[in-house]
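Order of the sequence lines fixes the chain letters, A, B, ..., with proteins taken first and strands second; residue numbering starts at 1 for each chain.
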Amino acid sequence: MAALEAVEAVQDGDTVLVGGFGMAGMPVELIDALIEHGASNLTIVSNNAGNGDTGLAALLAAGRVRKVICSFPRQSDSWVFDGLYRAGKIDLELVPQGNLAERMRAAGAGIGAFYSPTAVGTPLASGKEVRVIDGREYLLEYPIRGDVALIKAHKSDRMGNLVYRKTARNFGPVMATAAAVTIAQVSSIVDSLDPEAVVTPAIYVNRLVVA
Amino acid sequence: MAALEAVEAVQDGDTVLVGGFGMAGMPVELIDALIEHGASNLTIVSNNAGNGDTGLAALLAAGRVRKVICSFPRQSDSWVFDGLYRAGKIDLELVPQGNLAERMRAAGAGIGAFYSPTAVGTPLASGKEVRVIDGREYLLEYPIRGDVALIKAHKSDRMGNLVYRKTARNFGPVMATAAAVTIAQVSSIVDSLDPEAVVTPAIYVNRLVVA
Amino acid sequence: MSLTREEMAEIVARDIPDGSYVNLGIGQPTMVASYLRPGSGVVLHTENGMLNMGPVATGDDIDPDLTNAGKQPVTELPGASYFHHADSFAMMRGGHLDVCIMGAFQVSAKGDLANWSTGAPDAIPAVGGAMDLAIGAKQVFVMMSLFAKDGKPKLVPACTYPLTGKACVSRVYTDVATFAVTPDGVRVVETFGTTAEELAARLDVSLI
Amino acid sequence: MSLTREEMAEIVARDIPDGSYVNLGIGQPTMVASYLRPGSGVVLHTENGMLNMGPVATGDDIDPDLTNAGKQPVTELPGASYFHHADSFAMMRGGHLDVCIMGAFQVSAKGDLANWSTGAPDAIPAVGGAMDLAIGAKQVFVMMSLFAKDGKPKLVPACTYPLTGKACVSRVYTDVATFAVTPDGVRVVETFGTTAEELAARLDVSLI
């Protein structure tokens with residue numbers, strides 16, 4: 001499927017989960033297609049908030065994003081986000097990296113909420129329910145669901161089973177489970193994969209784009 | 001390591017997680033060693049409560065188990081458990097299969113508790129906290145931790161990374177994360193495994209037994 | 001003429017949309033697999049950790065490491081994948097399966113399901129994955145005879161047996177009729193060797 | 001003489017038990033890797049999804065799909081494994097890592113850690129995995145200079161910067177001393193070019 005056709009699943013106002021940790025696992029071609037597609041008023045869930053002037057940063061620069069949910073927006077080359085944030089043009093929900101992953105996992109796994117020990121006693125605990133379990137404090141965390149997930153994998157088979165490459169795996173498998181529609185960018189579609197080594201089963205993948 | 005030496009990690013009164021779904025993934029040699037070892041007053045967490053007269057059933061028959069936490073104790077050949085249960089000689093905590101897996105996952109993942117939609121409105125909801133989240137009812141479920149896990153994998157490397165075979169994978173990877181000491185029975189120890197295909201990273205494996 | 005079990009399985013199979021991800025419960029629902037149209041693209045999930053499960057294994061194909069949820073030896077189809085129990089039930093609980101097909105002791109007019117325990121005081125309780133399946137799939141289809149051996153209806157105003165799940169059943173396939181459980185009530189979809197009027201007279205559930 | 005950063009890294013490396021699973025935070029803690037004894041069996045975890053991470057990659061070994069948490073290209077050692085982010089942080093949050101080494105702005109006498117935000121009103125907040133790491137590992141070692149550039153101590157009775165985690169630090173490695181945070185108070189383990197008495201005079205924290 002062409003990238004532009006695939007990202008037509010994204011509608012104005014959607015929450016879009018975007019894979020990648022820095023550039024590793026970043027679905028650059030899908031993001032470029034999303035910019036071309038033109039959907040706006042988006043909430044983006046991703047570990048970072050864009051680097052340099054391409055990819056996620058370009059989506060932000062185009063004014064399509066109203067809110068970013070991420071763990072680490074501030075980087076040496078995150079000038080696009082920085083500018084929008086300081087100008088009050090973009091909302092930020094800062095989530096510790098592990099809670100970000102676990103909240104998406106909860107969305108995909110049908111868990112209504114969970115108690116996490118991360119961020120107890122910190123400013124990011126503000127407004128969250130605290131519960132003591134076995135003498136330890138935990139915060140109640142809710143799922144983060146996506147309307148669409150844009151992820152990058154290494155290879156797929158024709159059914160949509162996915163394998164990844166090294167640390168580019170990062171958020172892809174979790175995001176694939178947490179979105180209503182998952183679009184995976186892969187380097188190639190192969191005839192078969194080892195069933196023991198499939199990381200994302202095809203049930204979680206709705207559209208495949210070779211890029 | 002010899003099986004008998006490995007299972008010396010088990011002490012009287014311990015909670016022992018035992019892998020397998022029926023015979024697939026059942027660590028038979030480790031269970032036999034545990035019987036020989038003699039630890040008693042055990043709580044066993046496993047999907048079933050023993051079949052026929054060997055394995056888990058033999059451990060029960062030897063009077064070493066005071067409580068079973070499982071999803072499906074009653075089978076056509078579960079006469080050992082049936083007899084002990086009817087005689088009031090063994091306690092049973094019945095847990096839906098998915099909650100059983102997820103509660104062990106929570107133990108391994110440092111989650112204090114989680115809200116599951118499974119069993120709402122059923123007799124197994126008895127005594128559990130109910131919470132409505134986004135209009136749906138959930139039950140609060142707590143982690144199940146093991147002192148020791150006995151699991152069966154297919155192959156390991158020398159570090160203890162594990163791969164499994166087909167549906168014999170079942171509870172092994174989850175139990176490995178949920179116990180203080182994990183003992184894995186494997187068919188062979190090989191020089192190397194594909195890092196992309198490792199299912200249980202070595203950090204979760206404390207002792208290896210070739211059987 | 002009321003339907004045989006084979007005919008019921010065929011009707012259920014016909015109602016599964018092409019390309020669906022489906023879990024077939026232990027027992028009668030397993031028969032549905034034989035009636036799936038080749039090329040339908042239906043993918044079978046087994047909760048002990050596999051997608052793209054193939055038919056029951058025989059002879060040399062039997063592998064003790066490859067079984068279904070009923071612990072029968074099965075086979076693997078191209079495109080299969082294996083995963084552990086927490087991932088398998090996350091897949092189910094997260095609403096990713098399109099259809100789950102289960103047997104039942106009773107189904108209520110609101111779609112409550114009772115299929116794990118008769119509540120007999122001396123019974124040893126066992127639930128397996130039934131409660132997870134009941135609330136996990138997008139649609140739950142039940143296959144059962146409409147009347148018990150003693151003639152009592154199994155589609156009831158409220159279940160008297162212990163529940164497996166609340167308001168989770170969407171369709172009930174029986175030997176004499178197929179019912180849809182809807183927010184407005186129980187609708188008769190099709191009857192076999194009987195009429196909606198005759199059924200209405202034998203059931204305590206209002207039919208629409 | 002106070003320690004150089006290299007000497008601090010060497011001392012931290014010496015205190016990591018053989019065979020430990022260790023996460024090295026971004027920045028100064030990364031230097032510890034160079035001082036691990038060959039054959040120590042220490043396994044490095046990187047929270048972006050890998051165990052048995054090797055040294056930083058150079059030249060042809062650079063692979064954009066293989067990076068550490070600081071997004072530097074790294075290498076893979078024999079026995080490596082890859083996993084996704086939820087599994088990686090489950091490993092951390094579940095207490096499976098033996099040691100995590102982090103930098104800090106401040107550490108309190110009770111082991112509270114502040115290392116993610118100076119609380120400056122115009123700063124853009126960013127936390128990454130710091131809060132998960134702080135509460136996840138069995139032991140958290142902090143590496144920092146004991147005094148800020150303005151001379152203020154960074155080992156304090158209570159943190160004035162926003163917290164990363166409560167009561168999570170077990171050891172503090174600084175350029176002039178190593179401290180153990182214990183239930184009874186902060187203990188001086190070793191000093192470098194100074195004495196416990198001199199440090200006590202410059203700190204508002206009681207030393208035992």
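- By the 6.0 Å contact criterion, CZ on B:Arg136 is enclosed, its count of non-hydrogen atoms from other residues, nucleotides or ligands being greater than 12.
- Residue contact with chain D, scored on non-hydrogen atoms closer than 4.5 Å, involves the side chain of B:Arg105 exclusively.
- When every heavy atom of D:Ala80 is checked against every heavy atom of B:Val198, the shortest pair comes out as O-CG2, 4.2 Å.
- Summarising the local packing, NZ of D:Lys110 is surrounded by 12 or fewer heavy atoms from other residues, nucleotides or ligands at distances under 6.0 Å.
- Below 4.5 Å, heavy atoms of chain B meet heavy atoms from D:Phe83, D:Ala86, D:Asp87, D:Ala90, D:Met91, D:Arg93, D:Gly94, D:His96, D:Leu97, all part of residues 83-101 of chain D.
- Around atom CG of D:Asp122, more than 12 heavy atoms belonging to other residues, nucleotides or ligands sit under 6.0 Å away.
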Take B:Met159 and D:Val43 through the side-chain contact (heavy atoms from CB on, under 4.5 Å) test and state the conclusion after the steps. CA-CA 10 Å; B:Met159 292 199 61; D:Val43 174; 3.6 Å; yes
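- More than 12 heavy atoms of other residues, nucleotides or ligands sit less than 6.0 Å from atom NZ of D:Lys138.
- Checking side-chain atoms of B:Asn161 against main-chain N and O of D:Gly79 turns up a donor-acceptor pair under 3.5 Å.
- Contact annotation for B:Leu193: neither backbone nor side-chain heavy atoms come within less than 4.5 Å of a heavy atom of chain D.
- At most 12 heavy atoms of other shown residues, nucleotides or ligands fall within 6.0 angstrom of atom CG in B:Asp134.
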